[in-house]
Amino acid sequence: MPSLKDLKNRIESVKSTRKITKAMQMVAAAKLRRAQDAAEQARPYAARFNAVMASLAASVAGSDTAPRLLAGSGKDDVHLLVVMTAERGLCGGFNSSIVKLAKAHAEKLLEAGKQVKVLTVGKKGREQLKREFDNLMVGHVDLSEVKRLGYNNAQDIAKDVLGRFDANEFDVATIFFNRFQSVISQIPTAQQIIPASYETEEGASEASALYDYEPDEEAILADLLPRGVATQIFSALLENAASEQGARMSAMDNATRNAGDMIDKLTTEFNRSRQAVITNELIEIISGAEAL
Amino acid sequence: MAETMQFDLVSPERSLLSEQVKAVRIPGSEGDLTVMPNHASLITTLRPGVMTVETEAGVQEFVVTGGFAEVGENLSVLAEKALAASDLDQATYDALVEEAHEAYHQAKDGSYEDVNAVDEAAKLLMDMVAIGTHIGLDPKTPSL
């Protein structure tokens with residue numbers, strides 16, 4: 001049976017833990033709002049970009065001269081997995097869920113006899129993947145110094161990936177990130193970026209025939225495809241950032257609530273033992289008085 | 001009243017402008033062009049330059065550093081980086097020029113066989129310098 005003093009200390013320590021988790025939750029909520037804003041701001045660009053790319057891609061599809069980024073290298077032997085995670089922990093299952101998806105994907109590919117390379121973005125994913133896939137890691141992008149995600153961060157990653165593609169280091173690239181659904185739900189997602197696959201909307205191919213291109217379609221496509229990679233990485237980064245804050249917010253909310261429950265329980269226990277001590281003392285006094 | 005069309009200027013990070021315009025001058029990679037309502041459908045890539053937007057209210061200028069424009073019923077410009085010309089200060093501009101300068105040197109030192117890349121980088125640099133002259137910032141004429 002813990003003494004009164006021990007109980008008091010424990011209550012105090014849980015209280016300060018609750019203060020910290022509460023503060024983290026509020027910080028995450030503020031950051032989430034900003035991250036969501038950023039993701040929203042980026043959406044029009046990505047949407048339009050994809051629409052144009054879809055019509056362009058449709059118009060050159062099937063031609064022998066289609067750029068490699070669109071048509072692929074003709075093989076699918078070597079896969080590059082770009083795994084995007086957070087730089088920090090304490091955000092619930094956020095990092096593990098991405099890593100789990102990437103691992104499952106990698107294992108499937110390895111079983112099929114393909115070669116797998118892993119490029120990590122964010123410290124946490126690297127730490128988790130290192131245990132199993134240390135020999136497959138080809139690089140790491142550190143974003144821990146980045147305060148506010150900018151398009152240039154995405155461009156740097158894209159440049160890295162494209163450089164490897166040009167050097168024939170891989171055939172297929174897939175990015176892994178968490179798609180932001182809501183504060184309580186983030187969906188780990190795998191998205192293939194090379195060769196690029198742009199969904200064609202109904203009727204888009206017909207409309208594309210009406211466009212004039214300056215310079216010609218293929219030159220535009222060659223110019224835009226690398227940007228497409230950067231754009232996709234950028235929106236993935238933003239989705240990921242929003243998801244991270246969302247996940248942290250709900251994780252910290254849970255932690256705060258748990259701390260509250262624990263404080264209640266400890267307080268009850270504390271009161272009960274205090275009562276026991278008082279009763280004890282009373283008994284002693286009364287029996288002492290009776291003995292006289 | 002002159003005819004107007006919907007114009008959107010978006011960069012990857014945010015949407016800069018979305019309103020009705022009378023005409024927009026775009027720095028296309030193959031030459032400048034002015035888009036007015038009912039322009040033929042066109043997709044063109046951009047070079048770094050100054051984009052002039054003419055609305056009912058007046059004229060606005062934007063500095064863009066590449067991207068592309070889609071002309072249909074509406075005009076949308078998807079710029080890699082875009083800034084209102086009035087927001088561009090010497091420091092930001094210097095950084096842009098510096099970036100172009102670096103790209104040029106990289107291209108020049110890296111691969112002599114790829115003459116196109118060097119040419120392109122040089123052109124990019126000159127475009128950057130032209131922007132500066134246009135809006136009255138000192139490009140500190142970099143050496144080629």
K.L.:
Answer with side chain, backbone, both or neither: which region of A:L224 has an atom nearer than 4.5 Å to a non-hydrogen atom of chain B?
P.N.:
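Contact with chain B is through the side chain of A:L224 alone.
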
K.L.:
What's the verdict on side chain to side chain contact (heavy atoms under 4.5 Å, CB included) for A:Y213 and B:L42, showing C-alpha distance, side-chain angles and the deciding distance?
P.N.:
CA-CA 6 Å; A:Y213 293 97; B:L42 171 80; over 6 Å; no

K.L.:
Evaluate the side chain to side chain contact (heavy atoms under 4.5 Å, CB included) criterion for residues A:F234 and B:E13: first the C-alpha distance (whole Å), next the side-chain angles of each, then the deciding distance (0.1 Å), finally the verdict.
P.N.:
CA-CA 9 Å; A:F234 186 54; B:E13 282 164 29; 3.6 Å; yes

K.L.:
Distance check, rounded to the nearest 0.5 Å: A:R48 atom CZ versus B:S15 atom OG?
P.N.:
8.5 Å

K.L.:
Relative to chain A, which of B:G31, B:S76, B:G66 shows the most heavy atom pairs under 4.5 Å?
P.N.:
B:S76

K.L.:
Using a 4.5 Å heavy-atom cutoff, which residues in residues 178-193 of chain A come close to chain B?
P.N.:
none

K.L.:
So which residue, A:P215, A:P44, A:A42, ends up with the most heavy-atom pairs under 4.5 Å with chain B?
P.N.:
A:P215

K.L.:
Please rank B:A79, B:A40, B:S18, B:G72 by heavy-atom pairs under 4.5 Å with chain A and give me the top one.
P.N.:
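Ranked by contacts with chain A, first place is B:A79.
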
K.L.:
Looking at B:V10, B:T44, B:L78, B:I43, which has the largest count of heavy-atom pairs under 4.5 Å with chain A?
P.N.:
B:I43

K.L.:
Side chain, backbone, both or neither: which part of A:R227 has a heavy atom under 4.5 Å from chain B?
P.N.:
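For A:R227, side-chain heavy atoms alone lie under 4.5 Å from chain B.
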
K.L.:
Could you give the distance from OH (A:Y45) to CG (B:D8), rounded to the nearest 0.5 Å?
P.N.:
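The OH atom of A:Y45 sits 13.5 Å away from the CG atom of B:D8.
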
K.L.:
For B:M36, is the CE atom crowded, meaning more than 12 foreign heavy atoms sit under 6.0 Å from it?
P.N.:
no

K.L.:
So which part of A:Q155 gets closer than 4.5 Å to some heavy atom of chain B, the side chain, the backbone, both or neither?
P.N.:
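When you check distances to chain B, only side chain atoms of A:Q155 fall under 4.5 Å.
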
K.L.:
Enter the distance from A:L221:CG to B:T45:OG1 here, rounded to the nearest 0.5 Å.
P.N.:
11.5 Å

K.L.:
Can you tell which of A:D37, A:I220, A:T231 has the highest number of heavy-atom pairs within less than 4.5 Å of chain B?
P.N.:
A:I220

K.L.:
Rounded at 0.5 Å granularity, tell me how far CZ in B:F68 sits from CE in A:M53.
P.N.:
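Between B:F68 CZ and A:M53 CE, I get 7.5 Å after rounding to 0.5 Å.
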
K.L.:
If the test is side chain to side chain contact (heavy atoms under 4.5 Å, CB included), which one of B:R14, B:E80, B:K81 qualifies with A:Y151?
P.N.:
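Exactly one candidate clears the test, B:E80.
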
